[in-house]
Amino acid sequence: MNVMQPIDRIRGGVHENERHESGHKHVSGTAEYIDDIPEPAGTLHGYLGLSQRAHADILSIDFDAVSASEGVIGILTADDIPGENDISPAHKHDDPVFATGKVEFYGQPMFAVIATSREAARRAAVKVEVEYRDLPHVTDVLEAAAANYPLVIDPLKLERGDIEAGFAKAKNIVEGEMRIGGQDHFYLESQISFAIPGEDDEVLVYSSTQHPSETQHMVATVLGVPSNAVTVNVRRMGGGFGGKETQANIFAAVAALAAKKYRCAVKVRPDRDDDMSATGKRHDFHVDYKVGFDDEGRIEAVDAVFAARCGFSADLSGPVTDRALFHADNCYFYPNVRLRSKPLKTNTVSNTAFRGFGGPQGMVGGERMIEDVAYAVGKDPLEIRKLNFYGGEGRNLTPYHQTVEDNIIGRIIEELETSADYAARRKSVIAFNRENHIIKRGIALTPVKFGISFTKTEYNQAGALVHVYTDGSIHLNHGGTEMGQGLYTKVAQVVADEFQVDLDRIKVTATTTGKVPNTSATAASSGSDLNGMAAADAAQQIKARLVRFAAERWKVAEADVAFEPNTVRIGADRLAFGEFIKLAYGARIQLSAAGFYKTPKIHWNRSEGRGRPFFYYAYGASCSEVSVDTLTGEYQVDRTDILHDVGRSLNPALDLGQVEGAFVQGMGWLTTEELWWDAKGRLRTHAPSTYKIPLASDRPRVFNVRLADWSVNREETIRRSKAVGEPPFMLGISVLEALSMAAASVAEYRIPPRIDAPATPERVLMAIEQLRAAARQGAVAQG
Ligand code: MTE
Ligand code: HPA
Ligand code: MOS
């Protein structure tokens, strides 16, 4: 028997800085995206025809010029749908594939052109002649509220304590409002689907989707076939960020519809402008708030309404606006609180999931209240934050009645304050501003607490499939999708760790509905929590069989069988992993298993606004310093320090990348990314020429990012790690508040600038002008 010397450690186990499994392919152009899949002969291309009105009856459509256009094979409308013309993820029947009778936003798909090339289809689609009868439209949140537009879904109310008594007791009350802008996902790979028809009712769809199971069900619904006829595959996305949780479905449905109708492979991919116009984005919000507090700045009561521009249909607006409320408290205890959502219908594209899923908007509202309190009592906002942190007797209950049990924000803030030298730098910023009249600086240190779990309890489950082949190589498949975040790498590390084999023995194969069924979207940052556990379960089942086999064959106790680095130790014997697997196969041991996991402890009653929606919280903090040119409003981030909690990291290198990327994306949302609709309800910022995402040159000049390496998840998550995808997005709030401080300096920090988000250079400039005017008036009044 082959006796091996043990090596002390496997390569690429958990907690290691392993590179992304496709990193080298991303940078060398060899990672295969859907548009790279070799096309079968005769592949056709689809292109959506979009509405040119925000709200109108469709009186007639003339397709003559479209049909006559070069390369056109056919046109699909709602009449070509054998199943249902509906892809509403909320099951509200309000999301047609193709609009019929009327359109409800500018850019709404009405039909698809199928042609021999994508360019031919795209050119043909715009040749349509549509006769519309305009209806009144509303694109803005406040206009929608004023016009009594309907809500797309029941609102949520979170309530605790006695709000009236709280305000009655409060010595000070401040009221305010804030607008918080939306955001386009700007994934590098736009939406795309590629469908290949099979025999009978079957179809195979390659879709750039975060939610293959839902895409499968939507395609089946539209085709009028059972789900078992539809297989959805996705190897990777070139970014999703929530934009492919539901928004991929229409492209998959249209590709599948055309593939079945024309019995050809069909690909559908919009260009960037149409992707931006026709697919949903982050919800913009209007927050109306009232906060009561004592002379120290300790909050007594909070009452706030979070109104969101949901667009024409429900989509995910219910859970998104719910999550806004779940994060409006951020790290702060509100003794008496009432938070209400207002998910308003508008004649704009239906807004959707985007990193943080409403949480960031809620948190920005909460942080604005803190800022207001700080200005009212004349203190450093960080002092007000610390004063109001959860912690201490009777101060740990959230507005949704979940007790915060894992609070580490105190330590995070303390360490970051020290490492960023916050106090001294704030002093020198104030000194600098006294001396300098054109350039003004600001500094802010802001915390994050983010609840982990889907608030829809049933989504918190996952499956995985593990095969061990007789050469000792391992095939891993799970329900999660890879969008750049490194999920495949992390789950493979878990399986490597379970079997104690090097990571390169494991191949993660494309996510497919045929291998792991009924999966949840890879979303809510829970990909590795859920799929990591499911994969560990599958590996453990196989290991248990192997241990039983070894104990019987070698006549040793099961406790004397151990998986050691690339070997299996059985009593005094050591076998190479592959050798051992061959023997197990010979003994007819099943070397494959389906694993499963469901998150324990969570429950949520929406109608009562009570429960434990989150398994645990992830924490973090950031400190940003900015310089603003007060003549133009232009600014730069001079330095950002971050300390972020990922529990015991599964892969610190990947987690650091997530933290850095999320911060920059959050900063972009709050600074330069502005969506603008004209009076016709047409999105005019639909390309990088008019929509400004952060560039490498916009990153903080000094960028110190660290993980809280001492943090261990107190809950039994996969290897005690914490989710990382979304929480660090909200670290970008420190930039918004630093800009606010720089602006406030022109009026001696006496007036809160209350800059709406995004704080574009224009808004910063306007705030500065207004503050200067107010300061002059104040001086006149006093003088
Ligand atoms: N990172 C990259 N590179 N690309 C993405 O599309 N999406 C984010 C985050 N990080 C995203 C990303 C969002 S919105 C979520 S919910 C999580 O990744 C999803 O993956 P996870 O649950 O595996 O962290
Ligand atoms: N986060 C992200 N996506 C979701 C959620 C959530 O909480 N709920 C449903 N889809
Ligand atoms: Mo992320 S918004 O939950 O896809």
Side-chain angles (χ1 to χ4, degrees), residues 7 9-38 185-190 192 194 206-210 212 233-241 244 269 464 466-467 469 471-478 480-512 522 527-528 531-532 535 565-566 646 649-665 693-696 699 703 705 707 719 721 724-725 728:
I7 320 163
R9 242 149 68 118
I10 56 165
R11 273 174 284 124
V14 288
H15 313 311
E16 299 281 324
N17 281 320
E18 190 59 32
R19 73 177 187 187
H20 190 288
E21 45 79 21
S22 291
H24 57 298
K25 293 184 272 187
H26 294 153
V27 296
S28 61
T30 52
E32 191 179 77
Y33 294 89
I34 290 172
D35 218 13
D36 301 321
I37 298 173
H185 303 85
F186 226 98
Y187 25 65
L188 290 183
E189 178 206 35
S190 64
I192 182 167
F194 182 38
Y206 295 92
S207 167
S208 186
T209 175
Q210 288 174 242
N233 272 6
V234 51
R235 170 58 184 85
R236 61 171 64 77
M237 282 160 275
F241 305 111
K244 294 171 180 170
R269 171 167 71 84
V466 173
H467 305 319
Y469 293 107
D471 63 352
S473 70
I474 296 170
H475 172 134
L476 164 62
N477 196 273
H478 57 73
T481 56
E482 177 62 49
M483 56 194 104
Q485 84 277 40
L487 177 64
Y488 278 19
T489 313
K490 287 183 177 178
V491 180
Q493 285 176 277
V494 168
V495 172
D497 197 59
E498 284 291 339
F499 286 110
Q500 282 295 298
V501 296
D502 292 339
L503 187 62
D504 60 14
R505 256 182 217 267
I506 296 161
K507 186 180 268 303
V508 190
T509 56
T511 313
T512 173
T522 306
S528 49
N531 297 287
N566 297 306
V646 295
S649 176
L650 286 174
N651 183 327
L654 289 180
D655 284 351
L656 272 176
Q658 284 290 295
V659 175
E660 290 172 6
F663 167 82
V664 170
Q665 196 172 37
I693 62 170
L695 302 177
R699 78 197 185 284
F703 199 17
V705 184
L707 301 177
R719 302 297 193 269
S721 64
V724 68

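For the numbers below, each heavy atom of this structure counts, side chains included, while hydrogens, waters and symmetry mates do not. This chain uses plain numbering: 1 for the first residue, then up along the sequence. Given the structure is predicted, the values throughout are model-derived calculations rather than measurements.
The salt bridge (Lys or Arg N to Asp or Glu O under 4.0 Å) test applied to R699 returns no partner, not counting sequence neighbours. Applying the side chain to side chain donor-acceptor pair (under 3.5 Å) test to T481 and every residue at least two apart in sequence or in another chain returns T522. Judged as a side chain to side chain contact (heavy atoms under 4.5 Å, CB included), and not counting sequence neighbours, the contacts of R719 are V14, H15, D497, E498, L650. In this structure Q658 satisfies the side chain to side chain contact (heavy atoms under 4.5 Å, CB included) test together with R355, Q485, V724, sequence neighbours excluded. Qualifying side chain to side chain contact (heavy atoms under 4.5 Å, CB included) partners for P652, counting only residues two or more places apart in sequence or in other chains: N17, S649, L707. In this view, S208 and I34, E189, I192, M237, K244 satisfy the side chain to side chain contact (heavy atoms under 4.5 Å, CB included) rule, not counting sequence neighbours. Under the rule for a side chain to side chain donor-acceptor pair (under 3.5 Å), the partners of Y469 that lie at least two apart in sequence or sit in another chain are H475. Scored by the side chain to side chain donor-acceptor pair (under 3.5 Å) test, N233 finds T512 as partners (sequence neighbours excluded). Taking Q493 as the reference, N651 meet the side chain to side chain donor-acceptor pair (under 3.5 Å) condition, with sequence neighbours excluded. In terms of the ring-ring contact (aromatic ring centres under 6.0 Å, His included) criterion, residue partners of F499 (sequence neighbours excluded) are, by chain and number, F577. Listed by chain and residue number, D35 satisfy the salt bridge (Lys or Arg N to Asp or Glu O under 4.0 Å) test with R269 (two or more places apart in sequence, or in another chain).
Side-chain contact between N566 and Q500 is absent, with no heavy-atom pair separated by less than 4.5 Å. For the pair V508 and V491, the minimum side-chain heavy-atom distance is 4.5 Å or more. Annotation: side chain of R11 is not in contact with side chain of L503 (no heavy-atom distance under 4.5 Å). Looking at I37 and Y206, their side chains come closer than 4.5 Å, going by heavy atoms from C-beta outward. E482 places none of its side-chain heavy atoms less than 4.5 Å from the side chain of Q210.
To the nearest 0.5 Å, the span separating CZ on F663 from CZ on F703 amounts to 5.0 Å. The line from OG1 of T209 to CE of M483 is 9.0 Å long, rounded to the nearest 0.5 Å. Rounded to the nearest 0.5 Å, atoms OG1 (T509) and CD1 (I506) are 12.0 Å apart.
Between A662 and G725, the shortest heavy-atom distance links the atoms CB-O, 4.3 Å. Of all the heavy atoms in L487 and S528, the pair that sits closest is CD1-N, 3.3 Å.
Between Y488 and H478, a ring centre-to-centre spacing shorter than 6.0 Å is recorded.
Residue pairs satisfying the salt bridge (Lys or Arg N to Asp or Glu O under 4.0 Å) criterion with at least one member in residues 14-31, sequence neighbours excluded, are listed as follows: R9-E16, E21-R235.
Side-chain N or O atoms of D471 include one that pairs as donor or acceptor with a backbone N or O of S473 at under 3.5 Å. Without hydrogens or angle criteria, D36 side chain to Y33 main chain gives a donor-acceptor distance under 3.5 Å. For the pair H185 (side chain) and Y187 (backbone), a donor-acceptor distance under 3.5 Å is absent. A side-chain donor-acceptor contact under 3.5 Å links N477 to the backbone of A510.
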TODO: Please step through side chain to side chain contact (heavy atoms under 4.5 Å, CB included) for the pair L476 and K507, ending with a clear verdict.
DONE: CA-CA 6 Å; L476 164 62; K507 186 180 268 303; over 6 Å; no
